[in-house]
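To start, the structure itself, in structure tokens.
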Amino acid sequence: IIETAPLEPEPNRTRGEISDYLIWLTSVIKLDDRENTQREAAAKKKTLKMEEESKAKIEETVREILKESDMTEMTEFKVRNLASERLGIDLSDKSHKAFVRGIVKSFLEEVESKQQQQQDKEEEEEEEEERAKEGNKEFDDDGDLIICRLSDKRRVTIQEFRGKSLVSIREYYKKDGKELPSSKGISLTDEQWSTFKKNIPAIEAAVKKMESRV
């Protein structure tokens with residue numbers, strides 16, 4: 001519009017006509033400037049959208065590569081090269097390097113966070129199991145841990161004696177409403193218990209042999 005408009009008012013025009021002409025020319029220039037501004041804004045918006053889509057695609061590809069890879073062998077350089085091959089984009093410039101580095105760092109932090117959460121969960125479950133076991137433990141009137149009851153009077157317990165843990169197989173008796181260990185029985189040290197435990201198969205075999213004779 002501006003190129004086809006006369007640059008100067010035609011001669012022999014009145015002052016009012018010249019004033020109207022200048023007002024019209026100013027409005028045309030403003031309109032053209034506004035259209036240019038709108039076109040530039042639209043172009044900029046389109047460019048930003050393309051950049052965002054490109055970044056989203058790069059991030060998606062980099063994360064896929066990281067998920068598929070052995071993290072003990074993968075490096076940022078290898079990740080960037082693989083992403084370049086898959087996308088057909090040169091990611092070796094400074095801005096792309098920084099962008100890929102940020103994605104890798106974020107991914108590793110997420111993995112570490114998930115591993116920590118899993119570890120915390122497992123530890124919490126173990127603590128709950130330990131608490132449940134503690135709640136299910138049975139102690140005699142002397143405070144010794146009862147492992148099992150062989151009969152109404154005979155029990156297997158763990159005793160503490162002079163700083164040593166003993167496996168005690170003993171008969172109990174009642175006195176003043178309490179059940180107390182008698183002298184009838186045996187207490188095994190750790191070494192003795194280990195020896196006994198190793199020979200359990202031989203004991204079982206001997207018992208079976210005796211039963212077969214009956």
Side-chain angles (χ1 to χ4, degrees), residues 1-137 190 194 197:
I1 298 172
I2 296 176
E3 292 177 356
T4 58
L7 298 178
E8 295 181 1
E10 295 179 6
N12 301 324
R13 286 192 174 183
T14 64
R15 182 175 295 177
E17 290 174 336
I18 293 173
S19 178
D20 291 341
Y21 171 79
L22 293 174
I23 292 172
W24 170 80
L25 183 60
T26 300
S27 67
V28 170
I29 293 172
K30 287 182 178 179
L31 177 62
D32 191 63
D33 287 343
R34 187 162 59 249
E35 290 176 349
N36 286 336
T37 301
Q38 290 175 347
R39 282 195 293 270
E40 290 174 0
K44 186 176 181 181
K45 186 177 181 180
K46 185 177 180 181
T47 301
L48 289 173
K49 184 179 180 181
M50 291 176 65
E51 289 179 356
E52 289 174 359
E53 290 176 351
S54 177
K55 285 184 176 181
K57 192 64 178 176
I58 292 171
E59 182 171 0
E60 181 184 355
T61 304
V62 169
R63 284 182 171 273
E64 285 177 355
I65 293 169
L66 290 170
K67 289 176 182 178
E68 298 167 357
S69 304
D70 181 355
M71 300 309 298
T72 59
E73 299 179 358
M74 185 56 65
T75 64
E76 182 187 321
F77 177 76
K78 291 180 180 178
V79 171
R80 194 170 60 248
N81 282 349
L82 287 171
S84 295
E85 291 175 4
R86 293 189 185 185
L87 295 169
I89 301 174
D90 183 9
L91 301 176
S92 62
D93 60 275
K94 188 176 181 180
S95 61
H96 280 119
K97 283 183 178 180
F99 184 62
V100 172
R101 185 177 300 114
I103 298 170
V104 173
K105 182 180 178 181
S106 176
F107 179 84
L108 293 176
E109 289 174 350
E110 290 172 11
V111 170
E112 184 178 355
S113 177
K114 288 179 180 178
Q115 289 176 342
Q116 185 62 47
Q117 289 176 3
Q118 182 64 28
Q119 182 178 343
D120 292 343
K121 184 180 179 181
E122 291 174 357
E123 289 177 356
E124 186 177 345
E125 289 176 351
E126 288 177 2
E127 289 176 0
E128 288 179 356
E129 288 178 3
E130 288 297 324
R131 286 195 293 269
K133 288 179 181 178
E134 289 290 336
N136 294 329
K137 288 181 179 179
D190 288 342
S194 295
K197 187 169 61 174

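Because the structure is predicted, anything quoted here is derived from the model rather than measured. What you see below is based on every heavy atom in this structure, not just the backbone, and it leaves out hydrogens, waters and symmetry mates.
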Side chain to side chain donor-acceptor pair (under 3.5 Å) involving [X] - partner list, sequence neighbours excluded:
{"X": "Asp120", "value": "Gln116"}
{"X": "Glu112", "value": "none"}
{"X": "Glu85", "value": "none"}
{"X": "Glu73", "value": "none"}

Set of residues satisfying side chain to side chain contact (heavy atoms under 4.5 Å, CB included) with respect to [X], sequence neighbours excluded:
{"X": "Ser194", "result": "none"}
{"X": "Leu87", "result": "Lys57, Ile58, Thr61, Ile89"}
{"X": "Glu109", "result": "Lys105"}

Below 4.5 Å, heavy atoms only, C-beta onward: do Gln119 and Gln115 meet side chain to side chain? no
Please step through salt bridge (Lys or Arg N to Asp or Glu O under 4.0 Å) for the pair Arg80 and Glu76, ending with a clear verdict. CA-CA 6 Å; Arg80 194 170 60 248; Glu76 182 187 321; 3.6 Å; yes
Listing, residues 62-70 side-chain donor-acceptor contacts under 3.5 Å, not counting sequence neighbours, or none:
{"from": "Arg63", "atom 1": "NE", "to": "Glu59", "atom 2": "OE2", "distance (Å)": "3.4"}
{"from": "Arg63", "atom 1": "NH1", "to": "Glu110", "atom 2": "OE1", "distance (Å)": "3.1"}
{"from": "Arg63", "atom 1": "NH2", "to": "Glu110", "atom 2": "OE2", "distance (Å)": "3.0"}
{"from": "Glu68", "atom 1": "OE1", "to": "Arg86", "atom 2": "NH2", "distance (Å)": "2.9"}
{"from": "Ser69", "atom 1": "OG", "to": "Ile65", "atom 2": "O", "distance (Å)": "2.4"}
{"from": "Asp70", "atom 1": "OD1", "to": "Thr72", "atom 2": "N", "distance (Å)": "3.1"}
{"from": "Asp70", "atom 1": "OD1", "to": "Thr72", "atom 2": "OG1", "distance (Å)": "2.7"}
{"from": "Asp70", "atom 1": "OD2", "to": "Thr72", "atom 2": "OG1", "distance (Å)": "3.1"}

Of Glu124, Gln117, Glu125, the residue whose pairing with Lys121 passes side-chain contact (heavy atoms from CB on, under 4.5 Å): Glu125
Supply the atom-to-atom distance Ile103 CD1 to Lys55 NZ, rounded to the nearest 0.5 angstrom. 9.5 Å
Asp90 to His96 - nearest heavy-atom pair and separation: O-ND1, 3.6 Å
